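Written below as structure tokens is the structure these notes are about.
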2 protein chains.
Amino acid sequence: MTDDSTSAGAAAQPQTQAPRRRRSGRRHEILEIAGRQIAEKGYAEATVRDIGEAAGILSGSLYRHFDSKDTILEELLRTYLDDLLVAYEAVTPASEGSASAALRKLIQIGVRAVHENRVEVTILHDNYKFLLRNPRFTFIQAMERQIMTYWLRVLEEGRATGEFSRELNPRVASLAIMGGIETMVRWFDPRGQFSHEEVAEQYATLHLNGLTA
Amino acid sequence: MTDDSTSAGAAAQPQTQAPRRRRSGRRHEILEIAGRQIAEKGYAEATVRDIGEAAGILSGSLYRHFDSKDTILEELLRTYLDDLLVAYEAVTPASEGSASAALRKLIQIGVRAVHENRVEVTILHDNYKFLLRNPRFTFIQAMERQIMTYWLRVLEEGRATGEFSRELNPRVASLAIMGGIETMVRWFDPRGQFSHEEVAEQYATLHLNGLTA
DNA sequence: GTCTATACCTAGATAGAC
DNA sequence: GTCTATCTAGGTATAGAC
């Protein structure tokens with residue numbers, strides 16, 4: 001079950017034992033290697049033998065670091081989604097200015113995530129059906145629902161103030177925009193014609209023009 | 001290889017032997033059942049035993065109808081993409097009116113495909129990585145590239161005539177729009193708040209506003 | 001913490017009777 | 001065209017020596 005809740009109580013914790021974020025070095029290194037393998041080949045297709053080989057050890061040795069292959073995947077995705085949620089959360093108030101400014105930020109965060117966390121976004125995108133059907137990964141749905149609320153809040157506010165068109169349903173518009181961002185993982189090349197900032201700017205132009213009445 | 005070119009010539013064809021579209025009934029029925037299984041569970045996860053069971057036969061019996069599991073998948077996707085290409089091809093000239101009208105049609109075709117060919121679109125979306133990495137399915141890339149040229153032609157024409165904004169790169173804009181359409185497979189519910197025609201209309205509104213300068 | 005060796009399972013596919 | 005029975009390959013995971 002790999003339940004890392006601090007059930008035994010934190011009071012009894014001895015001196016130097018960092019309970020979380022142990023960053024054992026090797027463990028973290030293997031996690032990154034595994035992520036690259038899974039992103040490149042797909043979760044089912046990247047075997048534990050592949051991951052072991054890429055890390056310079058045999059598959060059996062992986063199980064000294066992780067309970068199972070699923071554990072590796074879960075750790076990768078949880079870490080990423082935690083950070084993404086924090087980033088989105090910070091922009092949602094939209095207090096500082098217009099809804100347009102807030103939407104621009106949402107788009108920038110999404111596009112940047114594709115660029116900077118390519119491995120995780122790729123894994124999430126390519127294995128979505130598997131992840132949704134697996135009880136172990138239901139946290140993903142919950143976190144994405146949370147992200148959706150941040151988008152909705154911005155679009156609804158823009159619609160309420162008349163900044164955005166009344167014709168457009170906030171949920172449909174959000175999904176249309178987010179879908180376009182997510183599928184970037186399939187074509188975006190950081191060494192191509194456009195940097196990720198430029199792509200974000202184009203997306204923002206397109207959708208802000210599109211939404212404003 | 002499944003090469004169905006009419007190499008032997010059509011002249012020597014005997015009377016009642018329909019060479020293509022044999023629609024043997026049972027074969028076609030199994031194909032639809034298999035499609036549903038694969039769309040629901042994922043290609044790797046839908047086993048030949050699952051497919052057989054859903055069809056009321058044992059897995060071994062499937063091989064009287066199809067050479068392999070891959071054959072089933074290939075036939076499903078080829079048929080769908082063939083039809084989709086034809087639909088897109090018909091609209092591309094954009095001769096009849098403005099680029100806006102043409103783009104609206106492209107969007108309608110894409111959205112309608114998600115609705116009417118849900119099984120195939122779902123399979124294509126969920127197993128994209130696998131399909132790209134498998135030499136047997138390279139035809140998919142070729143056909144999608146062809147579809148992309150249709151979109152590009154419309155967006156470039158609109159940009160050339162000044163109908164669409166110069167700031168937007170046609171390829172980036174196409175991908176943003178198409179990505180939003182494709183990911184509909186993950187949320188669109190025909191019995192939900194909006195029909196597929198209404199979703200298409202919203203998408204068209206959003207993106208036509210977004211593109212027009 | 002890694003290796004050797006292997007258990008155990010499930011997948012796609014096949015042979016031959018009916 | 002379906003069933004019975006089974007092969008073979010390759011997957012995750014484990015046990016125990018080093």
Side-chain angles (χ1 to χ4, degrees), chain A residues 1-3 17-18 22-35 37-77 123 126-127 129-131 133-137, chain B residues 1-2 22-77 123 126-127 129-131 133-137:
Chain A
M1 285 298 160
T2 328
D3 192 352
Q17 292 270 42
R22 184 62 228 295
R23 282 292 142 96
S24 80
R26 185 63 174 145
R27 179 191 171 86
H28 186 245
E29 191 185 2
I30 292 175
L31 214 47
E32 289 202 321
I33 291 166
Q37 287 288 314
I38 295 169
E40 187 194 330
K41 300 175 180 171
Y43 182 59
E45 291 79 10
T47 69
V48 291
R49 291 181 174 96
D50 288 337
I51 295 168
E53 191 178 6
I57 57 179
L58 289 186
S59 63
S61 306
L62 284 174
Y63 291 84
R64 286 285 140 181
H65 302 280
F66 302 96
D67 285 349
S68 70
K69 195 185 172 190
D70 279 0
T71 303
I72 297 176
L73 182 58
E74 183 178 346
E75 197 159 325
L76 278 168
L77 297 181
I123 293 172
D126 288 341
N127 304 280
K129 166 142 290 167
F130 167 80
L131 293 167
R133 287 172 54 89
N134 191 326
R136 178 162 192 162
F137 297 98
Chain B
M1 287 298 162
T2 327
R22 185 61 229 295
R23 285 288 143 99
S24 79
R26 187 64 174 142
R27 180 191 172 85
H28 185 245
E29 191 186 3
I30 291 175
L31 214 47
E32 289 201 323
I33 290 166
R36 282 196 292 271
Q37 287 288 314
I38 296 168
E40 186 194 329
K41 300 175 178 169
Y43 183 59
E45 291 78 10
T47 70
V48 291
R49 290 176 174 88
D50 288 336
I51 295 168
E53 190 179 6
I57 56 179
L58 289 187
S59 64
S61 306
L62 284 173
Y63 291 83
R64 289 282 137 178
H65 302 279
F66 302 95
D67 285 350
S68 69
K69 194 184 171 189
D70 280 359
T71 303
I72 297 176
L73 182 57
E74 184 178 347
E75 199 159 323
L76 277 168
L77 296 181
I123 294 172
D126 287 341
N127 303 280
K129 165 140 290 167
F130 166 81
L131 292 167
R133 287 172 55 90
N134 191 328
R136 175 160 193 164
F137 296 98

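What you are looking at is a predicted structure, and each value in this text was computed from that prediction instead of being measured.
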Closest non-hydrogen contact found for I33(A) with A54(A) is CG2-CB, 3.5 Å
Taking the nucleotide of DNA chain D with the nearest heavy atom to each, does D70(A) or S59(B) sit closer to the 5' end? S59(B)
Could you state the [atom1]-[atom2] distance from [X] to [N], rounded to the nearest angstrom?
{"X": "H28(B)", "N": "dG1(D)", "atom1": "NE2", "atom2": "P", "result": "16 Å"}
{"X": "N134(B)", "N": "dG12(C)", "atom1": "CG", "atom2": "P", "result": "14 Å"}
{"X": "F66(B)", "N": "dA13(C)", "atom1": "CZ", "atom2": "P", "result": "13 Å"}
{"X": "I51(B)", "N": "dT2(D)", "atom1": "CD1", "atom2": "P", "result": "15 Å"}
{"X": "Q37(A)", "N": "dT12(D)", "atom1": "CD", "atom2": "P", "result": "12 Å"}
{"X": "D50(A)", "N": "dG11(D)", "atom1": "CG", "atom2": "P", "result": "7 Å"}
{"X": "L73(A)", "N": "dA13(D)", "atom1": "CG", "atom2": "P", "result": "12 Å"}
{"X": "L62(B)", "N": "dT14(C)", "atom1": "CG", "atom2": "C1'", "result": "13 Å"}

Pick base, sugar-phosphate or nothing for S61(A), based on heavy-atom distances below 4.0 Å to the nucleic acid. base
Categorize I57(A) for me: base, sugar-phosphate, or nothing, with a 4.0 angstrom heavy-atom threshold over every strand shown. sugar-phosphate
Going from [atom1] on [X] to [atom2] on [Y], what distance comes out if it is rounded to the nearest 0.5 angstrom?
{"X": "L131(B)", "Y": "L73(B)", "atom1": "CG", "atom2": "CG", "result": "5.5 Å"}
{"X": "L77(A)", "Y": "R136(A)", "atom1": "CG", "atom2": "CZ", "result": "11.0 Å"}
{"X": "I38(B)", "Y": "L31(B)", "atom1": "CD1", "atom2": "CG", "result": "8.5 Å"}

Between G60(B) and E45(B), which has a closest nucleotide on DNA chain C that is more 5'? E45(B)
First of K69(B) and R64(B) reached from the 5' end of DNA chain C, by closest nucleotide: K69(B)
Quick one: is R27(A) getting a side-chain N or O under 4.0 Å of the dG1(C) phosphate, OP1 or OP2? no
Counting only side-chain N and O atoms of Y63(A), is one of them less than 4.0 Å from OP1 or OP2 of dT14(D)? no
Is any side-chain N or O of R49(A) under 3.5 Å from a base N or O of dG10(D), one able to act as donor and the other as acceptor? no
Among dG12(C), dT4(D), dT2(C), the one nearest any side-chain atom of L58(B) is dT4(D)
Just wondering, more than 12 heavy atoms not from E53(A) lying within 6.0 Å of its CD? no
